Amino acid sequence: MNNTGLTRDKSAILLIYTGGTIGMKEDPTVQALRPFDFSQILEEVPELGKFAYRIDSYTFDPLIDSSDVEPAMWQELVRVIEDRYDSYDGFVVLHGTDTMAYSASVVSFMLEELTKPVIFTGSQLPIGTPRTDGKENLISSVEIAAAKDSEGHAIVPEVCICFDNVLMRGNRASKINSDNFRAFRSPNCPPLAEAGISIRYSDRHIRKPDSWDKRPLFHKELDTRVSILKLHPGITPQIVRTILCSTDTRAVIIETYGAGNAPSKEWFLDIVKEASSMGKILLNVTQCMAGSVNMDIYATGKCLKEAGVTNGYDSTTESSLGKLFYLLGVFKDNESVKAGLERDLRGEISK
Ligand code: ASP
């Protein structure tokens with residue numbers, strides 16, 4: 001762990017660098033992007049020195065492109081936060097954008113009753129390039145991670161994604177653009193804050209812990225035996241059966257059409273019932289960017305409900321996946337997992 005040398009003792013922030021574009025810098029000797037030494041962050045982003053915070057950094061080894069993220073990394077991340085929880089007021093996680101929504105989602109479930117901010121950010125352009133969005137994203141994230149109310153409590157004690165001046169709940173965001181600075185959207189949940197001349201917090205949307213005095217629960221057990229079936233016209237019985245009835249999974253997220261609809265063909269429902277009777281947990285999530293599943297509107301949705309499919313409401317696929325990894329890790333019985341899926345645990349669904 002490195003201390004950047006900022007000593008004025010107000011808030012203390014830990015920057016956790018996992019990899020991704022944000023920490024890259026052009027290496028002129030090989031004319032390629034290379035991760036830079038994060039202990040030198042003040043050299044790259046001298047603006048951070050203007051904050052009266054202590055800013056330390058922790059760098060993952062190895063640094064990864066986020067396409068390579070694995071559950072072990074999420075577990076390490078949670079361990080790093082747990083071990084240092086009392087020493088910092090907030091945590092900023094620098095992460096590649098490609099899978100940031102997955103990581104922010106699962107980590108939101110792994111951290112229960114959080115009392116401090118955990119802000120994920122990254123960038124579309126490396127921090128070492130002139131038009132980088134990385135500096136702005138990093139500076140806003142640090143400011144949000146350090147923000148406290150008049151009682152000294154964190155203003156945003158949640159796992160969030162901060163990108164292009166918008167603070168989103170982590171388990172509500174998706175990456176929607178591969179080359180625009182506005183890379184993330186959270187269509188089913190309003191921003192928790194927006195950074196303009198000042199940072200405007202949307203207090204009524206920010207979740208607070210039941211108690212500020214208790215330490216959070218740090219869950220590290222994950223069960224990743226989950227797969228995703230994306231419906232599309234022309235999908236064959238063989239493909240549906242292979243995914244829904246695989247003996248390697250405990251749960252399948254079915255990405256359905258519109259308000260949670262699926263083909264009404266008999267073969268399709270027969271396979272869903274077969275999977276259900278095999279003990280698979282089947283979760284209905286819509287392919288639409290916004291809106292919710294409602295299995296009571298159309299006959300096709302009703303059939304899924306009768307076949308034992310659980311409602312994913314307005315959750316994103318990324319969030320459903322993280323929630324299932326977490327719930328399956330905690331509970332060995334399906335009934336408890338299904339009960340957990342029905343509940344809003346971390347603001348991930350609107351009910
Ligand atoms: N491929 C990179 C990653 O996700 C892209 C980025 O950092 O934005 O790690």
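All figures in this text were calculated on a predicted structure; none of them were measured in a lab. When a ligand or atom number is given, it counts from 1 through the structure's own listing order.
Asp314 approaches Ser292 most closely through the heavy-atom pair N-OG, 3.5 Å. Contact between Asn311 and Glu342 at its shortest, heavy atoms only, is N-OE2, 4.1 Å.
Residue Thr99 has no N or O atom closer than 3.5 Å to an N or O atom of ligand 1. At a 3.5 angstrom cut-off on N or O pairs, Asp98 counts as close to ligand 1. Between Thr97 and ligand 1, at least one N/O pair is under 3.5 Å apart. For ligand 1, the polar-atom distance check against Ser66 finds a nitrogen or oxygen pair separated by under 3.5 Å. In terms of N/O distances under 3.5 Å, ligand 1 is approached by Asp65.
Ligand 1 is never approached by Ala183 to a heavy-atom distance shorter than 4.0 Å.
Ranked by closest heavy atom to atom 5 (C) of ligand 1, the top entry among Leu125, Thr21, Ile22 is Thr21.
Within the 6.0 Å centre-distance limit, the rings of Phe218 and Tyr85 are counted as a close aromatic pair.
Below 30°, between 30° and 60°, or above 60°: for His219 and Tyr326 the angle between ring planes is above 60°, a perpendicular geometry. Using bins of under 30°, 30° to 60° and over 60° for the plane-to-plane angle, the ring pair Tyr53/Phe51 lands in the parallel bin.
Distance CG/Leu283 to CG/Leu321: 10.0 Å, rounded to 0.5 Å.
The atoms of ligand 1 that sit less than 4.0 Å from any heavy atom of Ser123 are 8 (O).
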